*Asks:* 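I'd like to ask some things about the structure below.
Fair warning: this is a prediction, and the values are worked out from it, not measured in the lab.
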Amino acid sequence: MLILLAAIINQKPIQSMRKHIRWESVLNVSDYQEIVNIVYVGLLGIEKNISDDCNEQFYQEYRRSLLLYEAYEKVEEVIKWQLERYNIEALFLLDSSAGEMYPKPEMAEIRQIEILVDKKELPRINRLMLDMDYEHREDSACSGILYVRVPGIRIVFYDTMPIENKVILRYFSGPLKRYRCIESYRCIHMLSNEEEYLYRVARMVELYITGKLKIRDILDLWQYRKLLGEKFRWKSVKELLDKADWEEFVNQVDILGTLWFGEDAEQQYGVALELEEYIITHGRENKHLDETLLPCEKIRLDFYWRNRDKEWALRKQAWMFPSREYMIQFFPILEKHPYLLVFCWTIRNWRFFRRICGNKCKKAGFRIRVRLLDIQEKMKGMISRNRDEEVELPEEIPGDIEPQAKEEGVFLDHAKEEESVTQDMAVEEEIEAQEAEPEKETVDTRNRDAEEDTANIEQTEGDSDV
């Protein structure tokens, strides 16, 4: 993988792979070391026995790096414009300029954009970032204020320079206005070449101390050194590194970079090979390497490397089985009879165990009593509410039920009588109507006969007049 990486970086033809390579393992290692995009570029021009699934994963990682690089360029311009708009002094420590160090911009890996601002500006920046749809996220590994946005953009704001070394920190001390401004901006500042190189070295030291140094970090510093050239003030920078006691660290990083990506093979690679093993094994502890590279950071290295679980087990053991000198304070008999130490440990631990159990029982009893009192109060409240509801309802007297029922029965009887009377009247009217119909017909017949007689008489009288 390193041979392939060196050929791509140096723009040389890639040799065909004669041995069988497990590309799944290469993918996992490249992903951890953050060099998948470079390895994929090298795979495009060689014959390889790789599965479609693995090739697709390589392509997706390469595509993700490409899209992230383009997104970071746009985001950086927007943030600069917003900070300039609100007159917020800001110093860009790491930005999207990493793409300029590589033959192709998509080979770069931008982890995050780091910006140094004044502490008093952090509330305004927080409101500004939230308005731009960024999410504030807590990260214990990040000493600054982290903002994240899809598709994986990370923006970190610092109110102090994230460097622990006093010599380097003193070099970066001072107001932000002392740094040069970016072209066409008044409030946006940038580091000089020497300052950026020192800052990159400082970040690598922090990564080494925390066990996160990777091939990508060595490659970035190697490419940056190639980009600086002869005009860089190497003498003043090396003097400052010597004062900070980082000269050996930088020297071994350069040797390792030469071993991986260069052509010079005349140097001694003893410590550099230990550093290589440290990086490949994901930061495995190496006290000899720590003392050689960073003797001034011994306290911080001991803090990060110490086994806290083991320390806690030793502390618990020392507490349960203290020394005889300590036990003599409570058991004076040990001065004359030291062989009773084990028996005294047993008595002491039994007393502690009994006291601890007694305290736990008291606490449990107290919680139970409190719970029972709560239940009792709730029951009393329910009973009192039921009584109040019973008092509000009218009392039911047995003697009052019968009159009410009687009144209801009388009312029903009257209703039935009225209904029966109405029905009888309707029947009588129907009968009278049926009886009246023949009479009506008789009357009508008589009327018709009379009318006919009258008509005949009138006709006869008319004829006689004629």
Side-chain angles (χ1 to χ4, degrees), residues 1-3 5-6 9 29 32-35 111 141 143 161-172 194-226 228 232-311:
M1 184 180 68
L2 291 173
I3 296 174
L5 200 63
I9 294 299
V29 174
Y32 176 79
Q33 301 292 345
E34 300 180 356
I35 53 175
R111 294 169 177 169
S143 59
M161 190 67 71
I163 300 173
E164 297 293 335
N165 189 281
K166 294 181 180 180
V167 176
I168 305 299
L169 188 60
R170 193 180 304 115
Y171 176 79
F172 283 102
E194 292 79 12
E195 291 166 345
E196 185 174 352
Y197 179 79
L198 288 171
Y199 183 74
R200 287 181 177 275
V201 171
R203 299 305 291 161
M204 286 185 65
V205 170
E206 296 298 322
L207 292 172
Y208 175 85
I209 291 175
T210 55
K212 299 178 181 178
L213 190 63
K214 300 178 181 179
I215 294 177
R216 169 63 69 173
D217 304 301
I218 305 294
L219 180 58
D220 284 346
L221 192 64
W222 171 260
Q223 290 294 114
Y224 192 70
R225 284 178 62 90
K226 287 175 59 178
L228 294 176
F232 187 75
R233 296 185 298 173
W234 290 108
K235 184 177 180 180
S236 59
V237 170
K238 288 181 178 180
E239 290 177 356
L240 190 60
L241 291 174
D242 189 23
K243 291 181 181 179
D245 209 1
W246 286 357
E247 188 175 7
E248 184 63 23
F249 177 82
V250 176
N251 185 34
Q252 295 301 325
V253 168
D254 292 341
I255 293 174
L256 184 60
T258 304
L259 176 63
W260 285 349
F261 315 114
E263 300 176 353
D264 187 6
E266 298 179 358
Q267 304 182 45
Q268 298 294 327
Y269 295 113
V271 179
L273 292 176
E274 290 187 40
L275 181 59
E276 178 185 23
E277 184 181 2
Y278 168 89
I279 295 173
I280 295 175
T281 58
H282 301 182
R284 189 174 63 187
E285 183 180 5
N286 188 336
K287 291 185 177 181
H288 174 263
L289 185 63
D290 297 342
E291 295 174 357
T292 304
L293 298 181
L294 297 170
C296 61
E297 302 290 349
K298 185 178 184 305
I299 296 176
R300 296 178 62 202
L301 286 166
D302 290 342
F303 174 78
Y304 281 105
W305 284 125
R306 72 186 188 192
N307 190 337
R308 292 174 178 81
D309 294 336
K310 185 177 180 180
E311 285 185 4

*Asks:* Has the side chain of Tyr197 got a donor or acceptor atom that lies under 3.5 Å from a matching backbone atom of Tyr224?
*Replies:*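 The answer is no, because no donor-acceptor pair under 3.5 Å joins these two groups.
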
*Asks:* Is any side-chain N of the basic residue among Lys212 and Glu206 closer than 4.0 Å to the acidic one's carboxylate O?
*Replies:*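 No, no charged N to carboxylate O under 4.0 Å.
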
*Asks:* Find the distance between CH2 (Trp260) and CD1 (Ile255) and round it off to the nearest 0.5 Å.
*Replies:*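 Answer rounded to 0.5 Å: 13.0 Å.
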
*Asks:* Going by heavy atoms in the side chains, are Tyr208 and Leu275 under 4.5 Å from each other?
*Replies:*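 Counting from C-beta outward, Tyr208 and Leu275 do come under 4.5 Å.
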
*Asks:* Would you give the length of the straight line joining atom CZ of Arg233 to atom CD of Glu239, rounded to the nearest 0.5 angstrom?
*Replies:*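 Output value for this atom pair is 11.0 Å.
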
*Asks:* For Arg225 and Trp234, work out which heavy atoms get closest and say how close.
*Replies:*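 The pair with the smallest heavy-atom distance is NH1-CZ3, 3.2 Å.
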
*Asks:* My understanding is that only one of Glu277, Glu276, His282 makes a side-chain contact (heavy atoms from CB on, under 4.5 Å) with Ile280; could you say which?
*Replies:*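 Option passing the side-chain contact (heavy atoms from CB on, under 4.5 Å) with Ile280: Glu276.
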
*Asks:* Would the distance check show the side chain of Asp220 and the main-chain N or O of Asp217 forming a donor-acceptor pair, the cut-off being under 3.5 Å?
*Replies:*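 No, the answer is negative, given that no donor and acceptor are paired below the 3.5 Å cut-off.
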
*Asks:* Quick one: do Leu289 and Val271 satisfy side chain to side chain contact (heavy atoms under 4.5 Å, CB included)? Show the steps, please.
*Replies:* CA-CA 7 Å; Leu289 185 63; Val271 179; 3.7 Å; yes

*Asks:* Go through Glu164 and Ile209 one step at a time and tell me if the side chain to side chain contact (heavy atoms under 4.5 Å, CB included) criterion holds.
*Replies:* CA-CA 11 Å; Glu164 297 293 335; Ile209 291 175; over 6 Å; no

*Asks:* Is a donor on one side and an acceptor on the other found under 3.5 Å between the side chain of Gln33 and the backbone of Lys214?
*Replies:*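 The answer is no, because no donor-acceptor pair under 3.5 Å joins these two groups.
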
*Asks:* Rounded at 0.5 Å granularity, tell me how far OG1 in Thr292 sits from NE2 in His288.
*Replies:*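 Separation between the atoms: 4.0 Å.
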
*Asks:* Using a 4.5 Å cut-off on heavy atoms from C-beta on, say whether the side chain of Leu294 contacts that of Asp245.
*Replies:*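 When only atoms from C-beta onward are counted, Leu294 and Asp245 do not touch, as no gap falls below 4.5 Å.
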
*Asks:* Would Asp254 and Trp222 count as a side chain to side chain contact (heavy atoms under 4.5 Å, CB included) if you check the C-alpha gap in whole Å, the side-chain angles of each, and the deciding distance to 0.1 Å?
*Replies:* CA-CA 7 Å; Asp254 292 341; Trp222 171 260; 5.7 Å; no

*Asks:* Could you please spell out the steps behind the side chain to side chain contact (heavy atoms under 4.5 Å, CB included) verdict for Val205 and Asn165?
*Replies:* CA-CA 10 Å; Val205 170; Asn165 189 281; over 6 Å; no

*Asks:* Answer yes or no: does atom NZ of Lys226 have more than 12 heavy-atom neighbours from other residues, nucleotides or ligands under 6.0 Å?
*Replies:*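 For Lys226, atom NZ is crowded (more than 12 foreign heavy atoms under 6.0 Å).
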
*Asks:* Just how far is it from atom CH2 of Trp246 to atom CD1 of Ile168, taken to the nearest 0.5 Å?
*Replies:*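 Trp246 CH2 to Ile168 CD1: 5.0 Å, rounded to 0.5 Å.
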
*Asks:* Are Val253 and Leu256 close enough that some pair of their side-chain heavy atoms sits under 4.5 Å apart?
*Replies:*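 A side-chain contact is absent here, since even the closest heavy-atom pair is not under 4.5 Å.
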
*Asks:* When you measure from the side chain of Lys243 to the backbone of Val167, do you find a donor-acceptor pair of N or O atoms at a distance under 3.5 Å?
*Replies:*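 Pair absent, no side-chain N/O of Lys243 close to backbone of Val167.
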
*Asks:* Among Leu241, Val237, Leu198, Leu293, which one satisfies side-chain contact (heavy atoms from CB on, under 4.5 Å) with Val250?
*Replies:*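 Running side-chain contact (heavy atoms from CB on, under 4.5 Å) over Leu241, Val237, Leu198, Leu293 with Val250 returns exactly one hit, Leu241.
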
*Asks:* Answer yes or no: is there an ion pair linking Glu196 with Arg200, defined by an N-O contact shorter than 4.0 Å?
*Replies:*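 Yes, this pair counts.
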
*Asks:* Does Arg216 reach the main-chain N or O of Glu34 with its side chain, forming a donor-acceptor pair under 3.5 Å?
*Replies:*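 Side chain of Arg216 to backbone of Glu34, a donor-acceptor pair under 3.5 Å: yes, one is there.
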
*Asks:* Between CE of Met161 and OG of Ser143, what distance do you get to the nearest 0.5 Å?
*Replies:*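 Result: 11.0 Å between the selected atoms.
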
*Asks:* Roughly how far apart are Ile163 CD1 and Tyr171 OH, rounded to 0.5 Å?
*Replies:*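 The distance works out to 10.5 Å.
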
*Asks:* If we only count heavy atoms from C-beta on, is the Phe249 to Pro295 side-chain gap below 4.5 Å?
*Replies:*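 Result no, sub-4.5 Å side-chain heavy-atom pair not found.
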
